[in-house]
Amino acid sequence: MPELPEVEVSRLGIAPYLEGAQITGIIVRDRRLRWPVEEALSDAVGQTVMAVNRRAKYLIIELQSGGRIILHLGMSGKLRVLDAAVPPIKHDHIDIVLASGKCLRFNDPRRFGACLWQAPGHEIPTQLSHLGPEPLTDDFTADRLALLSRGKQVAVKNFIMDNAVVVGVGNIYANEALFMAGIDPRRKAGKVSATRYQQLTGAIKEVLAKAIQQGGTTLKDFTQTDGNPGYFKQSLSVYGRAGEPCIACETPIESLTIGQRNTFYCPQCQR
DNA sequence: CGGGACACCTGCCTGC
DNA sequence: TGCAGGCAGGTGTCCC
C-alpha cells in the first residue's frame, strides 16, 4: 500500500473530512502497533482538526491545541473514512470519530504502522526529527545527492532509500527511478557522476509526481468500502517484471537482492 | 563511523 | 485439500 504517492493520495482523500471537524471520540482496539499507542492519544478528543499534513510517509493531523496525531501506514496500513456505526472488521485498530458521525478508521494487518501522539508544546517525535528533504520540493537537489554520496560504498539503490538522504523513496520507486536514469542499482553511490545524479533526481521527482497523479483515480472512490488500487501497475517499467522484455530495448529484465530488498533492472539500459 | 543483517507481523501465493 | 515455506510497498536497532 504505502509508497509516498499512496500516502499523499490518502492525505488528499481524508483531509476534506477531517479539516475543520471536531474529534468526538477515539477508539483503540489494539495498541500493539510499531510502537504501543499511548493512552494520552485520548487527549485529542474534543479538539478541532486544523489541517492534515504529510512529512515523508507520516500523516500529521494538526489539532487546535497544538497537539498532533501522527500516523504511519507501515507496509500494510490503510485509512478509510466511513460512518462510525459501520462495524469494524479484522485489523481495524483505531477509529478517530468525528462530530459528523463519520470516522477515520485505521486498518493494518501486519501492525508495522504507527499512531504517535505529540502533546501540545512537545517536540516532534524522534522518528520525524532526522528526516531528509521532501523529494518533491526544491530542497531535494542533485547537488545534495552528489555531496552526501562522496566516498559512500553503499549501492546507489540503498542510498536513495535512506531517509536521511531523501524521504519517501520506497522499493518500487527506487527501482523505477534508477531505470529511468539508466543507472545500475548495484553501483556504489560514491561512483555515480554528478551528471547522472542530475538525471536521477529528475527521475525520482517525475516518477513520484506521476504516481500521485495516477492515484487521483483511486481518490475518486476513496470513501467506498474497498476501492482497491493497483493503479500504478501498468505504469511500472521494471518492478515485478523479471524475465519480461525491457520496454526500451527488449532485453529481459533481471532481478536480484540488494539490502534484502527485491531489485529489478535492465542489464542493457542500466550501467 | 559506515555498512549490513535482522527484527517486528500477518496474509497470500506457490509448490509439494 | 492441506500444509510448509517464502515473500511482501517500511524502518528502527543491533552488531561487526
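Lettering of chains follows the sequences in order, A, B, ..., and the numbering in each one begins at 1.
Contact between the side-chain N/O atoms of A:Arg261 and the OP1/OP2 oxygens of C:dG10 is found at a separation under 4.0 Å. Residue A:Tyr239 places at least one side-chain N or O closer than 4.0 Å to OP1 or OP2 of C:dG9. Within the 4.0 Å cut-off from OP1 or OP2 of B:dG11, at least one side-chain nitrogen or oxygen of A:Lys90 is found. An OP1 or OP2 oxygen of C:dG10 is reached within less than 4.0 angstrom by no side-chain nitrogen or oxygen of A:His72. The phosphate of B:dG11 (OP1 or OP2) has a side-chain N or O of A:His91 nearer than 4.0 angstrom.
For A:Ile172, taking side-chain heavy atoms from C-beta onward, the closest of the listed nucleotides C:dG12, B:dG11, C:dG9 is C:dG9. Each of B:dG4, C:dG10, C:dC7 was ranked by its minimum atom distance to the side chain of A:Val154; first place goes to B:dG4. Minimum atom distance to the side chain of A:Phe112 is reached by B:dC8, of the listed B:dG11, B:dC8, B:dG3. Proximity note for A:Asn262 (side chain, C-beta onward) versus B:dG11, C:dA8, C:dT11: the nearest is C:dA8.
Within 4.0 Å of A:Arg34, counting heavy atoms only, lies at least one base atom of the nucleic acid. Heavy atoms of A:Phe159 sit nowhere under 4.0 angstrom from any nucleic acid atom. At a threshold of 4.0 angstrom between heavy atoms, the contacts of A:Lys188 with the nucleic acid are absent.
At whole-Å resolution of the value, CZ in A:Arg150 and C1' in B:dG2 are 18 Å apart. Across the protein-nucleic acid pair, A:Met75 atom CE and B:dC6 atom C1' stand 14 Å apart, rounded to whole Å. Put simply, CD1 on A:Ile258 is 17 Å from C1' on C:dA8, counting in whole angstrom units.
Checked by distance alone, A:Glu3 brings no side-chain donor or acceptor within 3.5 Å of a matching partner on the base of C:dG10. In terms of polar N and O atoms assigned as donor or acceptor, the side chain of A:Arg111 never comes within less than 3.5 Å of the base of B:dT10 in a complementary pairing.
A salt bridge does not link A:Asp139 to A:Arg144: none of the charged nitrogens lies less than 4.0 Å from a carboxylate oxygen. Ion pairing between a basic and an acidic side chain is recognised when a charged N comes within 4.0 Å of a carboxylate O; A:Arg54 and A:Glu134 show such pairing. The existence of a salt bridge linking A:Asp95 and A:Arg105 is confirmed by a sub-4.0 Å separation between a basic side-chain nitrogen and an acidic carboxylate oxygen.
Pairs of residues two or more places apart, or lying in two chains, that qualify as side chain to side chain donor-acceptor pair (under 3.5 Å) and include a residue from residues 110-123 of chain A are A:Arg68-A:Gln118.
Position along DNA chain B of the nearest nucleotide to A:Arg110 versus A:Gln260 favours A:Gln260 as the more 5'-ward residue.
B:dC6 sits 14 Å from C:dG6 when the P atoms are compared, rounded to a whole Å.
The environment of NZ in A:Lys205 is crowded: more than 12 heavy-atom neighbours from other residues, nucleotides or ligands sit within 6.0 Å.
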